Protein chains: 2
Amino acid sequence: MNGRRPFPNPQALRVFLCVAQEGSVGRAALSLGMTQPGVSQHLQALENQIGRALFHRQGRRLVLTKTGQDLLPEARRAVQALEEFMQAAQALERLERGRVEIGASTTMAVYVLPRYLTEFKRLYPEIRIKLESGSSERLTQRLLQGEIELAVVEAVEHLEGFERQLFYEDELVVIVPPEHPWARKEEIAPEQLAEVPLIVREPGAMTFRVLGSALEQAGLEVNPIFYTDNHEVTKRLVLEGAGVGIVSSVVVRPNVRVGNLRALRLKGMELRRLFWLFYPKELGNPAAEALKNTLLS
Amino acid sequence: MNGRRPFPNPQALRVFLCVAQEGSVGRAALSLGMTQPGVSQHLQALENQIGRALFHRQGRRLVLTKTGQDLLPEARRAVQALEEFMQAAQALERLERGRVEIGASTTMAVYVLPRYLTEFKRLYPEIRIKLESGSSERLTQRLLQGEIELAVVEAVEHLEGFERQLFYEDELVVIVPPEHPWARKEEIAPEQLAEVPLIVREPGAMTFRVLGSALEQAGLEVNPIFYTDNHEVTKRLVLEGAGVGIVSSVVVRPNVRVGNLRALRLKGMELRRLFWLFYPKELGNPAAEALKNTLLS
DNA sequence: TCCATTCATAAGCGGATGTTATCAAAGTGC
DNA sequence: GCACTTTGATAACATCCGCTTATGAATGGA
């Protein structure tokens, strides 16, 4: 009952193309895997719809009308666009195309994720990755709003509709330059932190909060002289001898290996940081799924 | 029973676009002029076909999946291509686009048709015209094969499936330069042609045949000294004083008006040339129809 | 003129497409 | 917290579409 049908029938368009190419209804039917009457009917339907003949029926011969000639490329374009839609869908499925947006807390984004993302890029070179770093709160919110599909954060609460897996286990360490008196020790007592100039991240950052709550439990208090918003700055300050730093161990692993920084534990304190990978129970994006698997492999 | 459907449903694509734009199934239904369940079903069908969710259903809110975001432009392209097909068909109908191929015997093509084609171009600037000149035989054949849609030729026989209308009425005239002894006469006796050097078109051309058969009927014979394949050459030769020419009157009308050539009739002879416009009984091309009308107006 | 080929038409069946009616769930206001 | 509104999903159903098989008509060739 719908007065006008705004679209030409794609199947009819394909029939049109095929008949034009084969030059015969019967052969077109064969080539399309359908019967000859079906082809005839589609052709007629299309001609009725546009109100003009597409083929000149002279006897048993079918010749394209000028109208037909003019519409042929348009039909081709339309059919191709429809096919490309399906191909795009399949390409997304085959990971030959697509995008993922992942969020990670700063430490992970800078010191851990790059090697995974590089590996992922090697596996699926056509997938575009967008990595967003930020605070755990912000990332959790973004995840809930569906603006990122994966999040590597420290948050511990359970999120409704999401799952999580442990991604990385780290701990806070005290770092000093090799010349420092503590350089030979494996660990020091927490109280000793009060005796040195302390360099930590700003109070809003999770790094600081882990430290703060641990010390608080032990009845201690620290008075940092430097707050930074960047682990590299902290390291630099420590290297220059400005004081004693507290950072995630992953941040200084290369320095410790090279030997220009020393990392120590705080005796009797648990400064573990657990980084979880959060993701929706069912993430409808093949690319995101693949990245998840890469991260957890 | 057909295992796989190679095409996405265009209606479903449109629904997809509309829901994405409106952000709501209900509003999309309103905007599309259909009911809400219909929209829901189309969306689900499309999602089933590609095997992925296009929207993230969180509560009553619909948010595009990454997959959905990636497929959105593809869907847009496909829908647009389909619409453009219909628009192209309508443009052909409205003469905002299209082509005509017309054939005309040489005389008509050179001396008569240009002014009509110019007028046609003024009326329908977007229509492309292809003018083919040739012998009446060749053009008739091309017309029968559907390779040209209109033909202005002299042929007299009826063509099955075609109609004709008189397009132009002409006659053969004898032309001489103003200095010629005949220049003051209105007509001359056919026998006198034997006394002068004669310039005519080659025997294959219709111009010659009309003349030949007329003279034959009168029991006369001509011995041309020049055969040319081009009216302009004939005129030139006459202008230079090389002899007396015989051409269609339309060919020399401007010269007669200017006065550098004189045209005479052959006394007692009928040298009429009737040019007919032939065209298929039903020509399925709006542009051809329009050109036909212009030619006959 | 007969025959083979080819396209058009008729009739029928199954599925797709849209409808109305109804349900479930999520916000909203008190 | 509870009723109410809003919104999307589901069910049942009518209609139309698209394809089939069977048959007819017309053309072109021997």
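Numbered from 1 within each chain, the chains take letters A, B, ... in sequence-line order. Remember, predicted model here, so these are calculated numbers, not experimental data.
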One thing to verify: whether [Y] and [X] come together as a salt bridge, which I'm taking to mean a side-chain N less than 4.0 angstrom from a carboxylate O.
X	Y	result
A:Arg273	A:Glu154	yes
A:Glu132	A:Arg142	yes
A:Lys281	A:Glu149	no
B:Asp229	B:Arg201	no

**Item:** Donor-acceptor pair under 3.5 Å, A:Gln36 side chain vs C:dA8 base
**Value:** yes
**Request:** Take B:Gln41 and B:Ser24, find for each the nucleotide of DNA chain D with the closest heavy atom, and name the residue whose nucleotide sits nearer the 5' end.
**Result:** B:Ser24
Phosphate oxygens OP1/OP2 of [N]: is one of them under 4.0 Å from a side-chain N or O of [X]?
X	N	value
B:Gln44	D:dG8	no
A:Ser40	C:dA8	yes
B:Asn9	C:dT17	yes
A:Gln11	D:dC19	yes

Give the rounded distance in Å between these two atoms: [atom1] of [X] and [atom2] of [N].
X	N	atom1	atom2	result
B:Arg27	D:dT7	CZ	C1'	11 Å
A:Leu62	D:dT27	CG	C1'	13 Å
A:Glu22	C:dT6	CD	P	13 Å
B:Asn48	C:dA16	CG	P	12 Å
B:Met34	C:dT17	CE	C1'	8 Å
A:Phe55	C:dT6	CZ	P	16 Å
A:Leu30	C:dT6	CG	P	11 Å
A:Leu54	C:dC7	CG	C1'	16 Å

**Request:** Could you please name the option among D:dG18, D:dT10, C:dT9 that lies closest to any side-chain atom of A:His42?
**Result:** D:dG18
**side chain to side chain contact (heavy atoms under 4.5 Å, CB included) between B:Leu82 and A:Leu13, intermediate numbers included** = CA-CA 10 Å; B:Leu82 287 167; A:Leu13 291 184; 3.8 Å; yes
**Message:** For a quick check of understanding: with a heavy-atom distance under 4.0 Å over all strands, which category does B:Gly38 fall into, base, sugar-phosphate or nothing?
**Reply:** base
